[in-house]
Protein chains: 2
Amino acid sequence: MSAPKKPKESLTIYDVAKRAGVSIASVSRVLNGLGTPRADTRDRVMQAVRELSFVPDGAARALSNGLKEVVGVVFRRESGETYLEGEDESFLFIDVINRGIETGAQRHGFDLLISSVGFNDDNVAQRIGALAGKSDGLILHDRMLSAVGIARLADMVPVVTLAGSPTPASINVRCDNESGIRMLVRHLANDHGYRSLGYVSGRSDSPDNKTRQRAFESEAAAAGADIETGPAWQGNYSAAGGANVIESLLDAGKKLPRAVLCANDQTALGVIHALGQRGIRVPQDVAITGFDDVPVARHLHPPLTTVRQPMHELGATAFEVLYRRISLGGGQRDIVLPVQLVVRESCGCTGGAVKDGG
Amino acid sequence: MSAPKKPKESLTIYDVAKRAGVSIASVSRVLNGLGTPRADTRDRVMQAVRELSFVPDGAARALSNGLKEVVGVVFRRESGETYLEGEDESFLFIDVINRGIETGAQRHGFDLLISSVGFNDDNVAQRIGALAGKSDGLILHDRMLSAVGIARLADMVPVVTLAGSPTPASINVRCDNESGIRMLVRHLANDHGYRSLGYVSGRSDSPDNKTRQRAFESEAAAAGADIETGPAWQGNYSAAGGANVIESLLDAGKKLPRAVLCANDQTALGVIHALGQRGIRVPQDVAITGFDDVPVARHLHPPLTTVRQPMHELGATAFEVLYRRISLGGGQRDIVLPVQLVVRESCGCTGGAVKDGG
DNA sequence: CTGAAAGCGCTTACAG
DNA sequence: CTGAAAGCGCTTACAG
């Protein structure tokens, strides 16, 4: 069944040179637009290239000029096939960022080398190392490596982390979580006048989550609202985690606060679901907000009030910063992007107004 | 601001060899697990590698052994920032497939080199050529290149296309569109007894769409139903396209058939929306079905009856087939994956039953 | 088991 | 403007 012709055994720049009757140096030059080749030379080379369907080998090129024009991107793969069910959103989140990275890369002729890591893969460091060897720099999504792991990696290759913290050798790009939460709290406490507020947190080891929780506590205190937090409010960024918090609270006979901020939309989804199961109305009995503005947020019942992060821009910025670092070295270490309050109905509003935020 | 230490000027296998007091050949062997190095030798090499944080250069490696362990993936990027609004689904669709490819790649130690192409990028062939030079093989999403373009490309590097058609030199992997549509028509015509059926088509140049339309016509005819098709029913896979078909039909005073199959979920979304605008109820007045089973399909009102394509598996299969082709050559040219009928409520059913299909 | 050396396919000073 | 040649960092027969 295999094709008879075998234009395999790849042709090289030597084949092109021979056919065009010039040296390989000339072929290389016209292919790269260097120097000022005679029109005659250029034409013969181009024709030979076309006739042969020649494409220069990227590995040889990279080895020779020290630039692969590739950036590695590493992200967490959810276990199993959950993406087919409810968890497909966090997933989308990563992909939107990756698209942003790709957009930036495109502008500079770079491509993305993508590699996911499972929660219980054992050879993670090794895998990322292999990726590093194939790239000019690395972009690491949230929660891929410990701080020391990142530092070690950053010793070998330029590294940009997403939604983490900068290390002496790596750059971090993140969204302004703090402002986002503050806008949410002010809207709930001031615009709606809710006097008791809860926060269902995300994974406890997430920098984003820590920042959000701190901002929640300080802003809620500033607004003079009653605050509900603590171990019982510990979620994990998943819908199941959010639902679980509500169920436990209710089972323990607790009275819920008037409004509950969730660490992310996914959590809010679970919370709203759990509330519905118990016959508690959103937003009449309890107002709910999310964080992220994932695509289904607008389709929920009620439509979810949340904070939109510029995910695409986050990715594009990450690439830009990495690129600058690769070509120039140095640069800023901690980059923060603004977010936007998106007011829908789960907070108790009825319109579809979007409030801009810094 | 730039870090003082510069462990740049990459270390090479020579540095490791010197430190370990062995030859570069030995370093290479222990790193690759070849031969039977003395425990002593291996330990010294490993220690040097660790102390130096050495990672072999992928380009040099690829050049030397002729394997990059990279597959290129090319897909269409929507113009602008529409992914933030309604069109984020088709988008997700591509990403799910890419995740599937990545899963397959992972198993064989390959990484994905990703590159998107915009609708009005001019140097497409060139860009894909560059990608080919960096990879061992290419996977092309739907609608990237003409048949001759694909054939030409397949001359230089192993190529697998998705949802297209095989060429003499390239492999194609697709879902069983035909069975999917037939299951839908039978459900509508036989189970529900609808006697008039319409089909809002996708882009006219899409192989998937052609197959679906043909299957629709033949199965609807077999069921003895009245068929509505033609230019007025031409959509383009987008929600706007679907809405437009309905509006035009209604504006022209046409009577809609009892059930309308849509080329994909995105189209169905637009159709349902347009129907709602005109006060036409789904499924009471007109039953609607989609194709794809995108994540929001279950969240629509009413929940969408559709056909689920194994997108993740499609990607994984594409990689597997490409991999086999890279390492062994040859192999099957046209691969078809089964789909599944997902019955929800937009067809007129009330349950949540899922019917399996071959 | 281990080392010296050739070779992978390019790019880029260096001469001419 | 163009060619001969060195070198990029590995892998892999080939000797020993």
Side-chain angles (χ1 to χ4, degrees), chain A residues 8-46 48-49 52-70 109 129-130 132-136 156-157, chain B residues 8-46 48-49 52-70 109 129-130 132-136 156-157:
Chain A
K8 300 283 93 139
E9 291 324 310
S10 45
L11 19 170
T12 72
I13 198 173
Y14 287 89
D15 300 307
V16 177
K18 188 184 301 174
R19 179 152 199 141
V22 299
S23 72
I24 60 163
S26 286
V27 175
S28 176
R29 286 194 202 97
V30 347
L31 247 26
N32 294 296
L34 298 178
T36 330
R38 261 180 2 220
D40 172 46
T41 304
R42 190 179 49 237
D43 293 348
R44 283 156 63 193
V45 169
M46 291 311 271
V49 166
L52 263 29
S53 287
F54 172 73
V55 172
D57 180 75
R61 199 166 197 166
L63 181 55
S64 187
N65 68 13
L67 230 212
K68 302 183 175 68
E69 296 191 303
V70 168
K134 296 178 181 176
S135 335
D136 298 312
M156 345 185 18
V157 62
Chain B
K8 300 284 89 134
E9 291 325 310
S10 47
L11 20 168
T12 72
I13 198 173
Y14 286 91
D15 301 307
V16 177
K18 188 183 302 171
R19 178 156 201 137
V22 299
S23 72
I24 61 164
S26 285
V27 175
S28 175
R29 286 192 202 97
V30 347
L31 247 25
N32 294 296
L34 298 178
T36 329
R38 259 182 0 223
D40 173 48
T41 304
R42 191 180 49 236
D43 292 347
R44 283 156 65 194
V45 169
M46 291 311 271
V49 166
L52 265 28
S53 286
F54 172 73
V55 172
D57 181 76
R61 199 166 196 166
L63 180 55
S64 187
N65 70 13
L67 229 211
K68 302 183 175 68
E69 297 191 302
V70 167
K134 298 178 181 177
S135 334
D136 298 312
M156 341 184 21
V157 62

Would you kindly give the [atom1]-to-[atom2] distance between [X] and [N], to the nearest whole Å?
X	N	atom1	atom2	value
Asp57(B)	dG7(D)	CG	C1'	14 Å
Leu63(B)	dG9(D)	CG	P	12 Å
Phe54(A)	dC10(C)	CZ	C1'	8 Å
Asn65(B)	dC10(D)	CG	P	12 Å
Ile24(B)	dG9(D)	CD1	P	11 Å
Asp40(B)	dT2(C)	CG	P	8 Å
Glu69(A)	dC10(C)	CD	P	15 Å
Asp15(A)	dC8(C)	CG	P	12 Å

Item to check | Partner nucleotide, any strand, of dA13(D) [Watson-Crick/G-U, under 3.5 Å] | outcome: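 Paired with no nucleotide.
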
Checklist entry - Across all strands shown, which nucleotide pairs with dA4(C) by Watson-Crick or G-U wobble geometry, both distances under 3.5 Å? => result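 Here dA4(C) is not engaged in any pair, so there is no nucleotide opposite it.
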
Next on the checklist: Are Leu31(B) and Phe54(B) packed together at the side-chain level, in the sense that at least one heavy-atom pair is separated by less than 4.5 angstrom?
Outcome noted: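 They are in side-chain contact.
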
Next on the checklist: With a 4.0 Å cut-off on N to O distance, would you call Arg19(B) and Asp15(B) a salt bridge?
Outcome noted: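 Between Asp15(B) and Arg19(B) there is no salt bridge, as every charged N stays at least 4.0 Å from the carboxylate O atoms.
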
Checklist entry - Less than 4.0 Å between a side-chain N and a carboxylate O, is that true for Arg61(A) and Asp57(A)? => result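 A salt bridge is absent here (no side-chain N lies under 4.0 Å from a carboxylate O).
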
Checklist entry - 5'-most contact on DNA chain C: Arg42(B) or Ala59(A), nearest heavy atom basis? => result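 With Arg42(B) and Ala59(A) compared, the 5'-side residue is Arg42(B).
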
Checklist entry - Does Gly21(B) or Leu31(A) map to a spot on DNA chain C nearer the 5' end, using the closest nucleotide for each? => result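 Looking at the nearest nucleotide for each, Gly21(B) comes out on the 5' side.
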
Counting the atoms with a prime plus P, OP1 and OP2 as sugar-phosphate, which does [X] contact under 4.0 Å by heavy atoms, base, sugar-phosphate, or nothing?
X	value
Leu34(B)	sugar-phosphate
Ser28(B)	base
Ser26(B)	sugar-phosphate

What nucleotide, of [options], holds the atom closest to the side chain of [X]?
X	options	result
Ser23(B)	dT2(D), dT11(C), dG3(C)	dG3(C)
Pro37(B)	dG3(D), dT2(C), dG9(D)	dT2(C)
Ile13(B)	dT11(C), dC1(C), dT11(D)	dT11(D)

[N] OP1/OP2 closer than 4.0 Å to side-chain N/O of [X]:
X	N	result
Thr12(B)	dG9(D)	no
Ser64(B)	dC8(C)	no
Arg29(B)	dT2(C)	no
Arg38(A)	dC1(D)	no

Item to check | Leu34(B) backbone acceptor or donor facing Arg29(B) side chain under 3.5 Å | outcome: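 Not a single qualifying donor-acceptor pair exists.
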
Item to check | Side-chain (Lys68(A)) to main-chain (Ala59(A)) donor-acceptor, under 3.5 angstrom | outcome: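 Flag not set: sc Lys68(A) to bb Ala59(A) has no pair under 3.5 Å.
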
Checklist entry - Any N or O donor-acceptor pair linking the side chain of Ser10(A) to the base of dG9(C) at under 3.5 Å? => result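 When only heavy-atom distances are counted, Ser10(A) does not reach the base of dG9(C) through any donor-acceptor pair under 3.5 Å.
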
Checklist entry - Could you go step by step and tell me if Ile24(A) and Ser28(A) meet the side chain to side chain contact (heavy atoms under 4.5 Å, CB included) rule? => result CA-CA 6 Å; Ile24(A) 60 163; Ser28(A) 176; over 6 Å; no

